[in-house]
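I have placed the structure first, in the form of structure tokens, so that the comments after it can refer back to it.
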Amino acid sequence: MRGQWYPGSMARAMRQLKEDLKLVDLVVELLDSRIPLSSRNPVLSKLIDGKQSLILLHKADRSEPEITAQWISFFQQLRLAAMPFSVHTARSLSFFFKYLKLQEHNLRPGRFKRPLRLMVAGIPNVGKSTLINYLVGRSPARTGNRPGITRGRQWIRLLDGVELLDTPGVLWPNLSEKSTLPLAVVGALPAAKLDQSELSRWLLSAFINRKKEGQLLKRYPFLMPDHPELFLEQIGLRLGFLRAEGKTDLERAAARVLSDFQSGALGRITLEMPSQ
Ligand SMILES: Nc1nc2c(ncn2[C@@H]2O[C@H](COP(=O)(O)OP(=O)(O)O)[C@@H](O)[C@H]2O)c(=O)[nH]1
Ligand SMILES: [Mg+2]
């Protein structure tokens with residue numbers, strides 16, 4: 001199963017991650033706040049064993065804030081530090097930097113006074129590169145940065161006494177059966193390998209279950225809210241997605257729904273609850 005999605009590259013990424021972990025004091029695990037269960041790597045917690053770790057519920061601008069707060073309590077009950085994060089919300093950054101300053105104070109090995117070192121890890125498309133670029137761009141310690149070199153990797157000074165590894169760790173997601181659809185709709189698995197209309201039907205019913213038909217109606221103002229099973233058909237028909245035989249092109253309608261979701265045009269939604 002794992003190999004089917006990530007041929008070869010994941011084993012290599014895992015070996016590299018194990019090497020990088022030896023160099024850091026703190027691991028920042030990015031989860032997609034819309035699917036915190038499925039975007040968690042099942043073995044990372046064993047690998048970082050004993051090390052300080054922080055969960056960022058990333059892309060928090062796309063998920064429901066009340067549910068993100070529930071997830072944070074959920075992780076706190078497991079004794080895991082977690083906070084919401086979005087590169088589109090300035091407040092995220094100040095919380096994160098505050099956390100780092102506190103850790104620097106608590107964890108930085110006193111005797112040699114070397115910097116606190118951290119790395120970012122997460123599944124494909126969760127926003128690792130975007131986050132690193134954003135942190136580097138917003139870092140008050142950026143000016144006059146002279147990164148030290150560690151076997152092809154670089155340390156970037158984020159704050160006084162805090163350094164970030166420039167390359168993120170790539171993890172595979174939770175690949176259990178029930179995670180496939182959630183991962184594919186957020187773009188963590190190649191949607192093209194799956195049935196587009198199955199994916200979009202699943203997504204549309206998630207909006208209905210979460211009582212968010214209103215958000216669908218905003219984007220597709222012609223939908224009849226009482227006919228959820230016809231949504232895809234209506235979308236295709238009204239957008240003029242027709243096949244030669246005059247039938248609605250459901251695959252094209254499905255692809256539109258998925259791309260509207262991924263671009264944020266369908267508004268905020270969380271697809272996995274802590275109670276699951
Ligand atoms: N809405 C939203 N999108 C984000 C955020 N961070 C990253 N993204 C988007 O997520 C997609 C994947 O980001 P990328 O950094 O390439 O992911 P990586 O594969 O983990 O390195 C890109 O389209 C980013 O623009 C965020 O905080 N909010
Ligand atoms: Mg990347």
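One-based numbering, in listed order, for ligands and for the atoms of each. Only a predicted model underlies this, so the values are computations on that prediction, with no experimental measurement involved. All heavy atoms count here, side chains included; hydrogens, waters and symmetry mates do not. We number each residue from 1, following the sequence as shown.
When heavy-atom distances to ligand 1 are checked against a 4.0 Å cut-off, Asp61 comes that close only through its side chain, counted from C-beta outward. At a 4.0 Å heavy-atom cut-off, ligand 1 touches Lys128 through backbone and side chain alike.
Any N or O atom pair closer than 3.5 Å counts here, and Pro124 shares no such pair with ligand 1. Inclusion of Phe85 in the set of residues having an N or O under 3.5 Å from an N or O of ligand 1 is not warranted.
The side chain to side chain contact (heavy atoms under 4.5 Å, CB included) check on Arg268 picks up Pro65, with sequence neighbours excluded.
Grouping the Ile, Leu, Val, Met, Phe, Trp and Tyr side chains by contacts below 4.5 angstrom, directly or via other members, places Leu57 apart from Val120.
Within 4.0 Å of atom 23 (O) of ligand 1, not a single protein heavy atom is present.
Between Ser53 and Leu80 the shortest heavy-atom distance is OG-CD2, 4.4 Å. Contact detail for Tyr134 and Ala90: the closest heavy-atom pair is OH-CA, 4.3 Å. Residues Val136 and Leu158 approach most closely at N-CD2, 4.4 Å, considering heavy atoms. Between Met10 and Leu171, the shortest heavy-atom distance links the atoms CE-O, 3.7 Å.
Heavy-atom neighbours of Lys51 NZ from other residues, nucleotides or ligands within 6.0 Å: above the threshold of 12.
Of the protein's non-hydrogen atoms, the one nearest atom 17 (O) of ligand 1 is Gly127 N, 3.1 Å. In this structure, the protein non-hydrogen atom closest to atom 16 (O) of ligand 1 is Thr130 OG1, 4.2 Å.
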Show me the side-chain donor-acceptor pairs of residues 196-208 shorter than 3.5 Å, one per line, residues at least two apart or across chains.
from, atom 1, to, atom 2, distance (Å)
Gln196, NE2, Ala191, O, 3.2
Ser197, OG, Asp195, OD1, 3.0
Ser197, OG, Glu251, OE2, 3.2
Ser200, OG, Gln196, O, 3.4
Ser200, OG, Ser197, O, 3.3
Ser205, OG, Arg201, O, 2.9
Ser205, OG, Trp202, O, 3.0

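Protein N/O/S atoms closer than 2.8 Å to the Mg ion (ligand 2), listed by chain and residue number, are Ser129 OG.
Near Ser86, the atoms of ligand 1 lying under 4.0 angstrom from a non-hydrogen atom of the residue are 27 (O). Every atom of ligand 1 is numbered from 1 in the order shown, and the set under 4.0 Å from a heavy atom of Arg62 is 1 (N).
The option from Lys59, His58, Arg34 that lies nearest to atom 6 (N) of ligand 1, judged by heavy atoms, is His58. Distances from atom 12 (C) of ligand 1 to the heavy atoms of Ile123, Asn125, Val126, Val87 show the closest one on Asn125.
Applying the side-chain hydrogen bond (donor to acceptor under 3.5 Å, both in side chains) definition to pairs two or more places apart or across chains, those involving residues 253-262 are Arg219-Asp260, Tyr220-Asp260.
Taken to the nearest 0.5 Å, the CG atom of Leu239 stands 10.5 Å off from the OG1 atom of Thr248.
Ser86 and Asp61 share a side-chain donor-acceptor pair at under 3.5 Å.
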